[in-house]
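Below: the structure, in structure tokens.
First listed ligand is number 1; within each ligand, the first listed atom is number 1.
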Amino acid sequence: MSRITTLSRFLIEQTRNHNTPSDLRFLLEIVGRACKMINRSVTKGALGGVLGSLKTENVQGEVQKKLDVLSNEILLEANEWGGTLAGMASEEMDTVYQIPGCYPKGAYLLVFDPLDGSSNVDVNVSVGTIFSVLKCPAELLSQNEPLQEEAFLQPGVKQVAAGYAIYGPQTMLMLTMGNGVKGFTLDPELGSFVLTHDDVKVPEQTAEYAINMSNQRHWEAPVKQYVDEMLEGTEGPLGKNYNMRWIASMVADVHRILTRGGIFMYPRDAREPSKPGKLRLMYEANPMSMIIEQAGGAATNGYQRILEIQPQSLHERVAVFLGSKEEVERITHYHQQQKQ
Ligand code: P6P
């Protein structure tokens, strides 16, 4: 019988070979288990009475789906008791989630988008859970005092782990702990995530881009220039024909790019000039940027590495250009040219 490496076995081997702290290993195991629980609810769909929207809005002003709230609760309940976390933060919660006083606090912080792309769940399109793990600054960790939001405000380079689960034709968990990207496929008969992609790499070159073209009139000049050049195909300066995909589920678009290359773009636009973009830095852009960079790709906001941005607030937004290095460098160059 061929040897299978489950997520648990992989994490044990990480502890042996890369000195991964046992509490970080335990935290990631629990996150994986929570994603399996979310997967179970997502895949039930109408049979589980979990489709549709609630009458509530989240801090982003977005109408919450039943599954948004359920997924958030699953992650909170799975992680609050383990003694690995000093606190949690989520797209679905205005403020920091404090670990209940009956449980000990731990050294890490968990930030997540519990169900990214949830507007797709009612139409049976892939959605996912995105998560990021940071160390809690020792001076801000107290068993008796509430955790302050500033503990989370660390640049993405400080992440000790990042990943996402994608609930699609296959349910997969993509994970990086700073030494490459691994892919695990859920074996529903085993109930375990099994290592199926040992060394995930983003092709440096691509002929595929992902952007919501309906916003074209709102884009800034560098984005208009870049997309126009791609649309010119072999007749244009880029000398090749490009294909376009836009699933409107970041996890699904990023997973495709991790698998076959491409560039994902959610630029800032004129609709909300005060906001630097739609996507959130702490629990969408940072974890996805760590994964993409660990897989040999690049991720910028048009001007700098996303992972080097110093967050000013928990739910701040950022423009995102990530994927195949050659294309991300090209559009970043266009932004920098325009700035001069
Ligand atoms: P639009 C989902 O709401 C999300 O945050 C990302 O998953 C996705 O890439 C983006 O927004 C889609 O935005 O404006 O095209 O609906």
Side-chain angles (χ1 to χ4, degrees), residues 35 38 42 51-54 56-72 75 89-93 111-132 162-168 172 174 208-220 223 227 244-259 262-273 275-292 297 299-302 306 314-323 328 331:
C35 290
I38 294 170
V42 167
L51 298 184
S53 300
L54 299 168
T56 52
E57 285 188 353
N58 62 17
V59 64
Q60 329 289 340
E62 295 164 342
V63 173
Q64 290 181 301
K65 296 286 185 186
K66 291 177 189 171
L67 273 171
D68 282 325
V69 173
L70 177 60
S71 302
N72 194 61
L75 280 158
S90 162
E91 179 190 60
E92 299 303 328
M93 298 185 298
V111 198
F112 49 83
D113 180 353
L115 200 65
D116 180 70
S118 57
S119 58
N120 287 296
V121 78
D122 292 347
V123 295
N124 202 13
V125 168
S126 300
V127 293
T129 299
I130 309 172
F131 62 90
S132 167
Y164 64 82
I166 178 168
Y167 313 116
M172 291 189 71
M174 306 303 283
E208 192 161 71
Y209 66 99
I211 194 167
N212 183 338
M213 288 296 285
S214 69
N215 300 327
Q216 188 165 22
R217 63 191 181 284
H218 303 303
W219 297 338
E220 295 178 336
V223 182
V227 174
M244 196 210 93
R245 288 285 182 275
W246 186 251
I247 305 175
S249 175
M250 186 183 197
V251 169
D253 281 313
V254 170
H255 192 73
R256 183 191 59 252
I257 288 165
L258 263 182
T259 308
I263 178 170
F264 173 95
M265 297 178 275
Y266 211 110
R268 55 185 65 74
D269 71 40
R271 285 174 297 177
E272 300 190 270
K275 288 181 183 171
K278 173 182 181 182
L279 301 182
R280 276 63 59 155
L281 177 61
M282 295 299 296
Y283 38 80
E284 289 175 324
N286 269 345
M288 290 307 203
S289 297
M290 182 179 182
I291 292 167
I292 288 290
T300 75
N301 66 353
I306 283 175
L314 201 51
H315 298 291
E316 78 178 61
R317 298 167 187 265
V318 66
V320 177
F321 304 93
L322 61 77
V328 174
I331 190 159

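Looking only at atom types and distance, the side chain of N286 has no donor-acceptor partner in the side chain of S132 under 3.5 Å away.
Salt bridge annotation for R256-E208: present, with a cationic side-chain nitrogen under 4.0 angstrom from a carboxylate oxygen.
Atom NE2 of H315 and atom CE of M93 lie 8.0 Å apart (nearest 0.5 Å). One distance of note links CD1 of I166 with SG of C35; it measures 12.0 Å at 0.5 Å rounding. Rounding to the nearest 0.5 angstrom, the gap separating the CG atom in D269 from the CD atom in E272 is 7.5 Å.
Near ligand 1, residues D116, G117, N212, W246, A248, S249, M250, F264, Y266, K278, L279, R280, E284 each place a heavy atom inside the 4.0 Å sphere around the ligand atoms.
A pairwise comparison of heavy atoms in I257 and I263 identifies CD1-C, 3.7 Å as the closest pair.
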